[in-house]
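To start, the structure itself, in structure tokens.
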Amino acid sequence: RRAAASSALDGEIAKWASDAGYGEVVSSKSAGSSGWASFRKVEVSDSNAPAFFVKSSSRSAAEMFEGEALGLRAMFECSRGEDGLRIPEVFHWGDFEGGRGSFLVMEYLNLGGRSDDGALGRAVARMHLAEPTKEAGNPKGAFGFQVDNTIGGTPQPNGWTDGGGTDEWIAFFRDKRIGHQLDLAGDAYCSKLWDEKIAPRLGALFEGIEVKPSLLHGDLWSGNMGSANGEPSIYDPATYWGHHEAEWGMSWCASFGRSFWDGYRSLIPEDPGFLDRKPLYDAYHQLNHYNLFGGGYLGSARGHLENLARRLDKKGA
């Protein structure tokens with residue numbers, strides 16, 4: 001079965017390369033896999049073409065790759081200019097002609113470890129500061145994204161808000177992030193704590209700040225960051241437009257040190273109440289990890305929600 005799937009993928013890649021004017025495939029080598037997809041490095045006969053990185057899945061392109069492809073394109077657009085992030089260019093995504101799988105074709109980057117965390121911090125900040133535009137997929141300056149996508153293997157709903165202000169962000173994160181994950185988790189204690197003690201008072205966490213849409217990677221942890229020929233790079237996104245602080249919900253798994261934060265904060269200073277809001281954004285990812293992997297992540301999510309409730313109590317909300 002694996003051999004048949006590989007043969008089908010090779011045929012799809014060869015047809016795409018020919019139709020796109022890149023000639024014949026001269027090399028197609030396995031480049032590993034994840035829990036959701038398999039990877040290949042592909043080279044073609046056109047000497048002017050780059051090497052390609054191909055991801056494939058048994059699931060449909062709409063389900064697995066459209067969100068990633070559009071996310072990478074938005075990140076590419078929002079990282080243009082000097083000292084921006086090195087984002088792989090997307091060339092194609094689609095279903096196999098036989099309908100038994102799908103694939104995504106992007107630029108192959110020679111990735112290495114993180115080389116300059118200060119530069120990485122500044123480059124992420126520049127992406128967060130990019131204006132929402134039609135070219136970046138957000139002509140109305142709203143929260144959300146063009147399509148629903150996935151975070152790991154979990155569906156992530158991204159329906160656009162009607163506006164791009166603080167109230168719209170609170171409602172978006174309440175319903176489409178924490179509320180969604182809690183529905184999937186089915187934990188009565190967390191759901192009751194959220195519904196009764198936290199959700200009605202969320203506005204108190206955002207007093208004194210103005211939330212504007214920033215393009216987020218959405219799943220920024222150490223496994224999704226590196227460098228390409230010395231330039232900072234991030235990949236495998238769960239992209240959407242949201243509050244820039246929501247980017248740090250995976251920081252417990254990202255090893256951000258002083259150099260990174262100095263670089264980031266040189267362009268985006270810390271807003272008042274950042275530490276009060278951080279458990280909110282951490283809880284989303286802990287709940288998602290519970291929904292993906294089970295185990296002790298539920299206890300961590302409960303701890304973050306209880307922390308939020310205590311902070312709201314101290315605020316007298």
Side-chain angles (χ1 to χ4, degrees), residues 33-37 39 55 57-75 78 85 87-88 90 93 102 104 106 124 127-128 137-138 143-161 169 172-187 190 194 213-225 233-254 256 277-298 300-301 304-305:
S33 64
S34 68
W36 334 109
F39 314 138
K55 301 178 74 169
S57 171
S58 60
R59 295 153 72 175
S60 71
E63 186 180 5
M64 279 304 295
F65 295 134
E66 183 176 35
E68 179 178 0
L70 291 172
L72 286 169
R73 284 187 168 175
M75 288 165 54
C78 290
L85 289 162
I87 305 298
V90 172
W93 69 95
S102 61
L104 165 65
M106 69 184 81
V124 172
M127 184 180 77
H128 286 172
N138 189 2
F143 298 107
F145 198 58
Q146 297 158 272
V147 295
D148 294 342
N149 52 24
T150 58
I151 180 160
T154 307
Q156 183 169 257
N158 290 319
W160 291 113
T161 58
W169 168 248
F172 178 90
F173 203 82
R174 180 192 66 212
D175 299 337
K176 292 186 169 64
R177 292 297 179 261
I178 299 291
H180 170 65
Q181 293 284 354
L182 285 171
D183 287 345
L184 295 176
D187 181 73
C190 285
W194 175 256
S214 291
L215 187 70
L216 308 181
H217 175 281
D219 192 17
L220 197 59
W221 67 288
S222 57
N224 291 342
M225 295 180 281
S233 180
I234 59 178
Y235 34 85
D236 290 341
T239 310
Y240 66 101
W241 292 84
H243 185 200
H244 65 271
E245 291 178 3
E247 192 78 278
W248 315 124
M250 279 290 287
S251 61
W252 49 276
C253 199
F256 292 131
R277 291 182 294 275
K278 193 170 188 310
L280 174 68
Y281 298 134
D282 287 354
Y284 175 65
H285 290 276
Q286 294 285 355
L287 284 166
N288 182 55
H289 272 63
Y290 172 69
N291 286 324
L292 288 171
F293 309 116
Y297 292 111
L298 181 60
S300 297
H304 288 307
L305 294 177

**OP:** Please report the shortest heavy-atom distance between C78 and L215, naming the atom on each side.
**Re:** SG-CD2, 3.8 Å

Original post:
Once the angle between the rings of F172 and W169 is folded into 0 to 90°, is it parallel (under 30°), tilted (30 to 60°) or perpendicular (over 60°)?
Top reply: parallel

Original post:
Quick check: does any side chain N or O of Q156 sit under 3.5 Å from a backbone N or O of A238, one acting as donor and the other as acceptor?
Top reply: yes

**OP:** Work out which heavy atom in I234 is nearest to a heavy atom in P88; give both atom names and the distance.
**Re:** O-CD, 4.3 Å

Subject >> Nearest non-hydrogen partners of W221 and C253, listed with the distance >> reply: CB-O, 3.4 Å

**OP:** Determine the interplanar angle of the H244 and H128 rings, folded into 0 to 90°, and report it as parallel if under 30°, tilted if 30 to 60°, perpendicular if over 60°.
**Re:** tilted

Original post:
Do S57 and E63 have side-chain heavy atoms sitting under 4.5 Å apart?
Top reply: no

Subject >> Residues H289, W252; criterion ring-ring contact (aromatic ring centres under 6.0 Å, His included); working and verdict >> reply: CA-CA 12 Å; H289 272 63; W252 49 276; 5.2 Å; yes

**OP:** Indicate, with yes or no, if the rings of F143 and F173 have centres closer together than 6.0 Å.
**Re:** no

Original post:
Regarding R177 and the six-membered ring of Y240, is the cationic atom NZ or CZ under 6.0 Å from the ring centre and inside 45° of its axis?
Top reply: yes

Original post:
Is any side-chain N of the basic residue among K55 and D236 closer than 4.0 Å to the acidic one's carboxylate O?
Top reply: yes

Original post:
Cut-off 3.5 Å, side chains only: do N291 and T154 have a donor facing an acceptor?
Top reply: no

